[in-house]
Undergrad: 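First the structure, then my questions, so here it is.
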Amino acid sequence: AQKVTQAQTEISVVEKEDVTLDCVYETRDTTYYLFWYKQPPSGELVFLIRRNSFDEQNEISGRYSWNFQKSTSSFNFTITASQVVDSAVYFCALIARSNDYKLSFGAGTTVTVRA
Amino acid sequence: ETGVTQTPRHLVMGMTNKKSLKCEQHLGHNAMYWYKQSAKKPLELMFVYSLEERVENNSVPSRFSPECPNSSHLFLHLHTLQPEDSALYLCASSQVGGSSGNTIYFGEGSWLTVV
């Protein structure tokens with residue numbers, strides 16, 4: 001069985017603050033992929049990043065950065081200098097062979113950035 | 001611009017109506033999906049088509065009927081729906097196998113209201 005937990009339901013910050021979204025996962029597979037998606041109010045789920053289980057390098061893309069730590073089964077996401085356009089629901093997700101490569105989503109974290 | 005397009009974006013239908021949601025992917029993928037997202041509920045996988053064959057049907061009521069005429073198109077036919085079926089319906093596609101890590105790309109969603 002696999003599971004993704006996003007313990008933070010809602011986070012509210014003021015513009016230019018940094019915000020970190022937590023994601024903890026469970027899987028018995030040794031090969032798996034982790035994802036983050038962004039869902040703005042319009043509804044579309046926007047793919048942000050994919051990480052495979054063999055690559056623990058942290059990644060930075062503009063104001064976004066990801067910290068993958070297998071030792072703690074975590075894949076956290078940080079938005080630096082947040083902007084109002086970052087307001088959205090963010091989902092962490094996992095794919096593994098034992099679940100027929102179907103996405104397991106976390107419950108999502110709603111981020112509100114106030115001007 | 002998303003590689004997965006859905007129409008219509010918004011649909012209001014009565015409980016006795018028959019309507020269809022349409023999805024088209026321009027990414028050359030070999031798998032397509034329907035997800036349902038209700039308020040305050042996690043994303044639910046409804047159907048999966050791989051190589052145009054239905055490989056997953058997650059106990060979805062028969063009032064929802066999928067159709068995948070080719071690898072680029074996916075439909076969700078709706079008939080005699082209930083008000084609790086009101087939700088955001090998301091289409092998605094992925095390339096199963098290969099080096100993409102089964103990354104799933106979503107469309108913008110179709111907001112369905114059943115009255």
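Residue numbers start from 1 in every chain, and the chains themselves are labelled A, B, ... in the order their sequence lines are given, proteins ahead of strands.
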Undergrad: Considering only heavy atoms from C-beta outward, does the side chain of B:Thr103 approach that of A:Phe47 to under 4.5 Å?
TA: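 Of all side-chain heavy-atom pairs linking A:Phe47 with B:Thr103, at least one is under 4.5 Å.
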Undergrad: Please tell me if the side chains of A:Gln39 and B:Leu43 come closer than 4.5 Å, counting only heavy atoms from C-beta onward.
TA: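 They are not in side-chain contact.
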Undergrad: According to a 4.5 Å side-chain heavy-atom criterion applied to Ile, Leu, Val, Met, Phe, Trp and Tyr, with indirect links allowed, do A:Tyr64 and A:Tyr33 form part of one hydrophobic cluster?
TA: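 Hydrophobic grouping puts A:Tyr64 apart from A:Tyr33.
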Undergrad: Is B:Gln37 close to chain A through its backbone or its side chain, or both, or neither, when contacts mean heavy atoms under 4.5 Å?
TA: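 Side chain of B:Gln37 only, per the 4.5 Å heavy-atom cut-off to chain A.
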Undergrad: Where does A:Tyr32 contact chain B at under 4.5 Å (heavy atoms): side chain, backbone, both or neither?
TA: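 Interface part for A:Tyr32: neither.
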Undergrad: Nearest heavy-atom pair of A:Leu45 and B:Leu90: which atoms, and what distance?
TA: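 Minimum heavy-atom separation between A:Leu45 and B:Leu90: CD1-CD1, 3.9 Å.
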Undergrad: Counting only heavy atoms not in B:Arg9, do more than 12 sit closer than 6.0 Å to its CZ atom?
TA: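 Yes, CZ of B:Arg9 has more than 12 neighbouring heavy atoms, counting only those of other groups under 6.0 Å.
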Undergrad: Decide whether A:Ile49 and A:Tyr90 are clustered together by the hydrophobic rule: side chain heavy atoms of Ile, Leu, Val, Met, Phe, Trp, Tyr closer than 4.5 Å, transitively.
TA: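 Shared cluster, yes.
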Undergrad: State yes or no: do B:Val4 and A:Phe105 share one hydrophobic cluster built from I, L, V, M, F, W and Y residues joined by side-chain heavy-atom distances below 4.5 Å, directly or via other members?
TA: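 Cluster IDs for B:Val4 and A:Phe105 match.
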Undergrad: Is there a path from B:Met15 to B:Tyr89 through hydrophobic residues (I, L, V, M, F, W, Y) whose side chains come within less than 4.5 Å of each other?
TA: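 B:Met15 and B:Tyr89: one cluster.
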Undergrad: Rounded to the nearest 0.5 Å, how far apart are CG of B:Asn102 and CD1 of A:Ile95?
TA: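 CD1 of A:Ile95 is found 5.0 Å from CG of B:Asn102.
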Undergrad: For A:Lys3, is the NZ atom crowded, meaning more than 12 foreign heavy atoms sit under 6.0 Å from it?
TA: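 No - once you tally the heavy atoms of other residues, nucleotides and ligands closer than 6.0 Å, there are 12 at most.
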Undergrad: Is there any salt bridge (Lys or Arg N to Asp or Glu O under 4.0 Å) pair reaching into residues 81-90 of chain A, and which pairs are they, with sequence neighbours excluded?
TA: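 Checked against salt bridge (Lys or Arg N to Asp or Glu O under 4.0 Å) - neighbours excluded - the pairs reaching residues 81-90 of chain A are A:Arg63-A:Asp86.
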Undergrad: Just checking A:Gln57: does its CD atom have more than 12 heavy atoms from other residues, nucleotides or ligands closer to it than 6.0 angstrom?
TA: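 No.
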Undergrad: Step through the shown structure and confirm whether more than 12 heavy atoms of other residues, nucleotides or ligands are within 6.0 Å of NZ on B:Lys19.
TA: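 Counting neighbours around NZ of B:Lys19, 12 or fewer heavy atoms of other residues, nucleotides or ligands fall under 6.0 Å, so no.
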Undergrad: Spell out the residues in residues 105-115 of chain B that have some non-hydrogen atom less than 4.5 Å away from a non-hydrogen atom of chain A, in order of number; otherwise answer 'none'.
TA: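 Those residues of residues 105-115 of chain B which have a heavy atom under 4.5 Å from chain A are B:Tyr105, B:Phe106, B:Gly107, B:Glu108, B:Trp111.
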